[in-house]
Chemist: 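This is the structure I want to talk about, given as structure tokens.
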Amino acid sequence: MSTRVRPADTTAVATLAAVVATLAASTAFAGILGDGRWIVPAALAVAVVGGVGLLGRTLRWWPPLIVPAQAAVLTMLLSALFTDRALLGFLPGPAAFAELSGLLGQALTVAQEGVPPVPVELPLQVLLCLGLGVIALLVDAIAVSGGVPAVAGLVLLCVVAIPASLAPNMLPWWTFVAGAVGFALLLACSGRHRHGSAGRDRLDRRGVALAAASGVVALLTGVVFTGVGTEGRLPGGAATGYGSGTGGIGLRPFTSLRGQLDRDSPVDLFRISGLPEPTYLRAMTLRHFDPARGWELGALNTGVDAHRPLPLPTGTDTLAPGPTATVRIDPVGYRDPWLPIFGVPRSVDGMGDQWRYDPGSGVVFTQTRQESRPYVETVTLPSPTPQQLRQAGGPAEVDPAYLNTEGVSPRIAELAQRITADAPTDFDKAVAVQRFFTDRSNGFRYDLSTGPSTSGNALEDFLFRGKRGFCEQFASSMGVLLREAGVPTRVAVGFTPGSRDGDERVISTNDAHAWVEAYFPQYGWVTFDPTPLRDGRTALPEYLNPPAPAPSPAPDTGQTQQPPTDSAASQPETPDPGASQQEDPAPEPQQPGSGGVWVATGLILLAALLLGAAPAALREVRRRRRLNAVHAGAPGAAGVAWRELLDESTDRGGPPADTSGTVRSTATALLNTHELDETTAQAVHSLVTAVEQEWYAPTGHPAPTATAPPAEALPQVLKALSEHAPLTWPQRLLPRSVLPRKPKPQHGTT
């Protein structure tokens, strides 16, 4: 009879290869993301999924339990990193799930409408961690548990295909190299090599099943991500289609704007000729405000054919005096279903077929995919006087939705009333609210690095605490305050006038902007800009130049400020860099999950330590149990001692684990491998004799008297092994004897 010891599996190496391959494929996202804040949390998600899979296979969990365990731990990680309401800091309860659901909703909006490179705000970090964690789970299940790494390539291909389809240019070359190297490593290190036709049949059946499942996953992934990106997305198709909301002040309609502002280098979008004076280029207007989701476009009506003479905007009876011009607009780097226009358009021509003009929203749009073409706009730039706007009266001939403030907190309504308390007309109210933001004594600062708030009270965060942001926060907040003061208002998204280049003006991605348009009976929609830009890019009309005696109280103190001087009212005030350094910095809004990062980091470190110590701990428990059994002379003590000796040899890299044959031939190989002396060889011989007696002798047959009992022989051999072949630290931390082994036909006992 003979003993066949099972060889060690390569599960740990295969798991590491799966983790590396997933991370290598994820480098493709560097081509569409604006910064690297996603790397650490995403790497944690992938590593945790792989670690749980390795732990489950090492401890020989029931295989169907491994995937649910990986999903559960991934959910805990997301709760710890990105929520403030997780139980004990990491357990996902209903509140944590609600936070994660909200963040994922915002992230999907960013993914659908973001312009690469997209800044990696908190919602997008959640989406990337979840997505790459699921990818890591699939690769682990297919390549490591399933043993068919080639099939996992379909899943990894999806990871690369998504950013490749969204990037405006070719992805960086090194991302392709990283993905290829990762997949090659996965092929080299994964899979189980079975012998015999039966094993091949099982592998073939498993490979076919997993290939089919992976194909379905790849197909579904492609369907899900087909809608990602703005190019070709058609506005006006449904009431909630293009402008459905997000969390924060109004992230969804501003996503493209934020992507343009965050570019490392500006890209020219338009070349303008024939513009008589600097003014804003409007792409779209936002009508509906939902406190929980932000500003939304709302439904567009069918409008009128944009190639014909255009009617006046809804609610406009009289055009104030102002220049009329024919302006040529060349979209050198712009492509979108929105056609940006200046002022009050009278006609638009040259842009192609099937363009519509909506007099209610003041936008030109198309529902067909078209190439960008130069177009010519005949435009009037009305410039009413402050006196005309103060005297504007009559019914508001616009949609009542432009006054809707349903759901806005009473605190914001009270602030609007304080700001406009001494303003007798709608125009004075608008000037007072604008000056509230541009007066540096109120503490508001333009800061492109401050991302949109993701809390449930984003508007309050900006108005009462953060006071930092870019044009999105300023325009959104002014729009709500004016509505609370009874002035019909909408938010416009487009571009500032850009810079001069000879006889032309050049508008780039740096000129992306948002502002406010307030409605005045007879005169229609009038521009106000609350954003205190530092570089003078604003183009305020003449009616805002004269001073207007509108008070500007601070939000919390209730104190009334003194009217500014004439020079202060001529333009929005820009914070003085020297003075701003002396002011107390405004507290940062608390971001969800900021406290959970430290908890998650500690949990990850603790999990890593426990995972790293698990093999050594398992080996030590097994060793002590066997030594106690041998010392007590329990039934089968010789066999227990023999298995302990084989494991000690395996831990030191010895060949017994791969040797088939008799117990004596295995003992001879052990002695030769570790170069043990004659005294130790006699102890090994005594142990072998005891094993043979125990396994093969008839029951009750006495053991040879010259043979030392296992309780004496085993400690002597183990001591000799420690002296002649001491364990290294890697061998102690990751003993080979505890790794899973393939089942082999065996004789005798194991």
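Remember, it's a predicted structure, so these values are computed and weren't measured experimentally. Nothing fancy with the numbering, it's 1 onward along the sequence.
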Chemist: Does the side chain of Val332 reach to within under 4.5 Å of the side chain of Leu269, using non-hydrogen atoms?
Modeler: no
Chemist: Is the number of heavy atoms from other residues, nucleotides or ligands within 6.0 Å of CZ (Arg37) greater than 12?
Modeler: yes
Chemist: Just how far is it from atom OG of Ser737 to atom CZ of Arg652, taken to the nearest 0.5 Å?
Modeler: 10.0 Å
Chemist: Please find the pair of heavy atoms, one from Thr15 and one from Gly50, that lie closest to each other, and give the distance.
Modeler: CG2-O, 3.2 Å
Chemist: Show, in sequence, the C-alpha distance, side-chain angles and deciding distance for Met76 and Phe90, and conclude whether the side chain to side chain contact (heavy atoms under 4.5 Å, CB included) test is met.
Modeler: CA-CA 5 Å; Met76 293 179 190; Phe90 68 96; 4.0 Å; yes
Chemist: In terms of side-chain geometry, is the basic nitrogen of Arg57 or Asp140 positioned less than 4.0 Å from the acidic oxygen of its partner?
Modeler: yes
Chemist: Could you check whether the rings of Phe270 and Tyr334 sit parallel, tilted or perpendicular, using 30° and 60° as the cut-offs?
Modeler: tilted
Chemist: Got Cys129 and Val126 here, is their nearest side-chain heavy-atom distance under 4.5 Å?
Modeler: no
Chemist: Working to the nearest 0.5 Å, report the span between CG of Leu74 and CG of Leu130.
Modeler: 6.0 Å
Chemist: Using side chain to side chain contact (heavy atoms under 4.5 Å, CB included), reason through Val159 and Thr22 one step at a time and then give a plain yes or no.
Modeler: CA-CA 8 Å; Val159 179; Thr22 304; 5.9 Å; no
Chemist: With rounding to the nearest 0.5 Å, note down the distance linking CG in Asp268 to CD1 in Ile507.
Modeler: 10.0 Å
Chemist: Could you tell me if the side chain of Thr58 sits less than 4.5 Å from the side chain of Leu54, heavy atoms only?
Modeler: yes
Chemist: Give, for atom CG of Leu78 and atom OG1 of Thr83, the distance between the pair rounded to the nearest 0.5 Å.
Modeler: 9.0 Å
Chemist: For Val49 and Val73, run side chain to side chain contact (heavy atoms under 4.5 Å, CB included): C-alpha distance rounded to whole Å, both residues' side-chain angles, the deciding distance at 0.1 Å, then the answer.
Modeler: CA-CA 7 Å; Val49 169; Val73 175; over 6 Å; no
Chemist: Where do Ala141 and Val67 come nearest, in terms of heavy atoms and distance?
Modeler: CB-CG2, 4.3 Å
Chemist: Evaluate the side-chain proximity of Pro337 to Phe365: yes if any heavy-atom separation is below 4.5 Å, no if none is.
Modeler: no
Chemist: What closest approach, in Å, do Ala152 and Leu186 show between heavy atoms, and which atom pair accounts for it?
Modeler: CB-CD2, 4.0 Å
Chemist: When you measure from the side chain of Ser476 to the backbone of Gln473, do you find a donor-acceptor pair of N or O atoms at a distance under 3.5 Å?
Modeler: no
Chemist: I need the Trp38 CH2 to Leu33 CG distance, nearest 0.5 Å.
Modeler: 6.5 Å
Chemist: If every non-hydrogen atom of Pro41 is compared with every non-hydrogen atom of Leu81, which pair is closest and at what distance?
Modeler: CB-CD1, 4.1 Å
Chemist: Check Glu620 with Arg732, please: is the shortest side-chain N to carboxylate O separation under 4.0 Å?
Modeler: no
Chemist: Could you tell me whether the side chain of Ser79 reaches within less than 4.5 Å of the side chain of Leu91, counting heavy atoms only?
Modeler: no
Chemist: Side chain to side chain contact (heavy atoms under 4.5 Å, CB included) with Val155: which of Leu137, Val134, Leu138?
Modeler: Leu138
Chemist: Under the 3.5 angstrom rule, does the side chain of Glu99 hit a backbone N or O of Arg85 as a donor-acceptor pair?
Modeler: yes
Chemist: Can you see which heavy atom on Thr27 is nearest to which on Ala178, and at what distance?
Modeler: OG1-CB, 3.8 Å
Chemist: Check whether Ser101 reaches the backbone of Ala98 with its side chain - one donor and one acceptor, N or O, closer than 3.5 Å.
Modeler: no
Chemist: Rounded to the nearest 0.5 Å, how far does CD of Gln731 lie from CD of Glu648?
Modeler: 10.5 Å
Chemist: Do Leu339 and Thr366 come within less than 4.5 Å of each other through their side chains, counting heavy atoms only?
Modeler: no
Chemist: Would you find a donor on one side and an acceptor on the other, under 3.5 Å apart, between the side chain of Asp511 and the backbone of Phe495?
Modeler: no
Chemist: Which heavy atom in Ile66 sits nearest to a heavy atom in Gly53, and how many Å separate them?
Modeler: CG2-CA, 3.9 Å
Chemist: Would you indicate whether the side-chain heavy atoms of Leu154 and Ile142 approach each other to under 4.5 Å?
Modeler: no
Chemist: Give the C-alpha distance, both sets of side-chain angles, the deciding distance and a yes or no for side chain to side chain contact (heavy atoms under 4.5 Å, CB included) between Leu55 and Leu59.
Modeler: CA-CA 6 Å; Leu55 180 64; Leu59 299 180; 3.7 Å; yes
Chemist: Please examine the side chains of Phe97 and Thr75, heavy atoms only from C-beta on, and report whether any two atoms are closer than 4.5 Å.
Modeler: yes
